[in-house]
Amino acid sequence: MQSNIVVRKLASAIGAEVVGVNLADETMSDETVAFLRQAWLDNLVLLFRDQNLTHEQHIAFSRRLGELETHEAIPKFCHPDHPEILLVTNFENTGKKLVVGRQWHSDLSTTTRPALGSLLYCDEAPEVGGDTMFGNMYRSWETLPEPYKRMLVGMRAKHDMTVARETRARRSAEELADIRRRNPPVLQPVVRYHDETGKPALYVAEMTTVELEGLTEEQSRPVLEYLYKHSTEPENTYRHRWQPGDLLMWDNRCAIHMAMGDYHDDARRVMYRTTLRGEPSGELA
């Protein structure tokens, strides 16, 4: 079946489009799934266009790749009938408008089971704007100056869900306290070794990383700000313009992403995400 599948690069640093696959196909062979997984490991981000998926089909394909999260840590974004589906929209399932993910991050880095991967399906997209950007954290580590590498190997950083810019701006003190209760800060390795490829990747991101272990926030800030800038240089990224029917899957172990906020509040951006559960990483701070 692989002879009918074409994998073509989307950008030099990260991302590829897969042509010739219907993700709703319940008869997809294990051989084809293995082929897609290898393409994913090779490219970090895979795009499948022109899909027509029900929630059940989205969940079923995702399960071929691993165990799924049921998103207990962020219940306000869960689909009411499918806990495996996270609502990635500009409103909660309560109808409250909210913006999320508008800084660079890796999904669930603020837990001790960070996401292995995410599969995001586009139902509605703004006519203009609402793109998602991705960065290759293998390359971010590879291209760091050697003095930084020597300093950072073996170091940990604190990740905190409540420090995200939009969360602080739009949540009440009571909501922030509830978020922190559900998701206390976690210490994660600054250099994370991929459990399938074995390759090292930088594992910090501006939305959640607060400080380096052993340093104060003030002392950590110049180092972290350099790492954020270094890891998101244009040559290290891919920017995806969404179309309804797109499914995009990315590897959170070695890629970061950010949702662009360049669209009007009244424009609908409706997407559904399944999340592959990762291996244990980090510990409560």
Side-chain angles (χ1 to χ4, degrees), residues 4-26 28 32-33 35-66 68-69 71 77-79 82 84-91 99-102 104-107 115-136 237-252 254-264 267-276:
N4 300 323
I5 301 174
V6 176
V7 179
R8 54 194 185 203
K9 297 286 287 185
L10 291 166
S12 61
I14 182 171
E17 180 179 1
V18 180
V19 179
V21 174
N22 175 14
L23 300 180
D25 181 7
E26 297 178 3
M28 186 185 296
T32 297
V33 173
F35 176 84
L36 295 177
R37 189 179 193 95
Q38 187 58 55
W40 187 38
L41 292 175
D42 292 341
N43 294 284
L44 288 63
V45 173
L46 289 185
L47 165 65
F48 303 84
R49 290 232 190 247
D50 301 318
Q51 302 297 312
N52 184 18
L53 299 175
T54 65
H55 292 319
E56 291 79 8
Q57 290 166 337
H58 185 180
I59 291 168
F61 173 71
S62 302
R63 281 213 173 101
R64 301 288 298 272
L65 299 168
L68 294 186
E69 286 283 351
H71 305 110
F77 293 97
C78 278
H79 190 285
H82 301 281
E84 302 92 345
I85 297 281
L86 196 71
L87 303 174
V88 182
T89 71
N90 48 348
F91 55 89
V99 295
V100 294
R102 293 186 179 179
W104 290 99
H105 64 286
S106 175
D107 291 331
L116 184 158
S118 302
L119 293 90
L120 187 59
Y121 178 64
C122 178
D123 185 48
E124 297 181 58
E127 186 175 338
V128 176
D131 299 353
T132 301
M133 295 191 68
F134 296 89
N136 182 336
T237 64
Y238 163 65
R239 180 168 179 158
H240 182 67
R241 184 174 184 182
W242 289 96
Q243 300 175 15
D246 285 355
L247 184 135
L248 210 64
M249 54 188 281
W250 62 88
D251 190 333
N252 286 288
C254 52
I256 56 173
H257 62 285
M258 174 177 65
M260 303 299 290
D262 56 343
Y263 59 97
H264 195 275
R268 285 175 61 84
R269 185 179 188 271
V270 181
M271 305 192 188
Y272 304 108
R273 191 185 93 195
T274 54
T275 313
L276 299 173

Inset, instruction - May I ask you to check whether over 12 heavy atoms, not counting those of Arg241, lie within 6.0 Å of atom CZ? - result: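 Not buried by this count: 12 neighbours or fewer within 6.0 Å.
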
Inset, instruction - Could you tell me whether Asp262 atom CG has more than 12 heavy atoms of other residues or ligands within 6.0 Å of it? - result: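 Count over threshold, so yes.
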
Inset, instruction - Identify the residue among His79, Arg63, His71 that makes a side chain to side chain donor-acceptor pair (under 3.5 Å) with Glu84. - result: Arg63

What closest approach, in Å, do [X] and [Y] show between heavy atoms, and which atom pair accounts for it?
X      : Y      : answer
Tyr121 : Leu53  : OH-N, 3.1 Å
Met260 : Met133 : SD-SD, 3.8 Å
Asn252 : Ala115 : CB-O, 3.2 Å
Trp40  : Trp250 : CZ2-O, 3.2 Å
Ala255 : Leu44  : CB-CD2, 4.4 Å
Leu46  : Ala39  : CD2-O, 3.9 Å

Could you tell me the separation between the [atom1] atom of [X] and the [atom2] atom of [Y], rounded to the nearest 0.5 Å?
X      : Y      : atom1 : atom2 : answer
Leu36  : Met249 : CG    : CE    : 7.5 Å
Leu47  : Arg49  : CG    : CZ    : 5.0 Å
Trp104 : Met258 : CH2   : CE    : 5.0 Å
Ile59  : Leu68  : CD1   : CG    : 7.5 Å
Phe77  : Thr89  : CZ    : OG1   : 7.0 Å
Leu119 : Met271 : CG    : CE    : 14.0 Å

In a table with atom names and distances, give each donor-acceptor pair under 3.5 Å that connects a side chain of residues 5-20 to protein atoms at least two apart or in another chain.
unit_1	atom_1	unit_2	atom_2	d
Lys9	NZ	Asn43	OD1	3.3

Inset, instruction - Could you tell me whether the side chains of Thr275 and Arg273 share a donor-acceptor contact shorter than 3.5 Å? - result: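 Thr275 vs Arg273: donor-acceptor pair found between side chains.
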
Legend entry - Mutual orientation of the aromatic rings belonging to His55 and Tyr272 [parallel < 30°, tilted 30-60°, perpendicular > 60°]: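 The rings of His55 and Tyr272 stand perpendicular, inter-plane angle above 60°.
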
Inset, instruction - Evaluate the ring planes of His240 and Trp242, with Trp represented by its six-membered ring, and classify them as parallel (under 30°), tilted (30 to 60°) or perpendicular (over 60°). - result: perpendicular

Inset, instruction - State, with a plain yes or no, whether a side-chain heavy atom of Val21 is found less than 4.5 Å away from one of Gln51. - result: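 They are not in contact (no side-chain heavy atoms under 4.5 Å apart), so the answer is no.
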
Inset, instruction - Side-chain contact test, heavy atoms from C-beta onward, threshold under 4.5 Å: evaluate it for Leu23 versus Gln57 and give yes or no. - result: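 No, every pair of side-chain atoms sits at 4.5 Å or beyond.
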
Legend entry - Expected output: side-chain Arg269 to main-chain Tyr263 donor-acceptor under 3.5 Å: no

Legend entry - From CA spacing to verdict: side-chain contact (heavy atoms from CB on, under 4.5 Å), Val45, Asp251: CA-CA 7 Å; Val45 173; Asp251 190 333; over 6 Å; no

Inset, instruction - Run the numbers on His257 and Asp107 for side-chain contact (heavy atoms from CB on, under 4.5 Å), then give the verdict. - result: CA-CA 9 Å; His257 62 285; Asp107 291 331; 3.2 Å; yes

Legend entry - ring pair (Phe, Tyr, Trp, His ring centres under 6.0 Å) partners for Phe48, two or more places apart: none

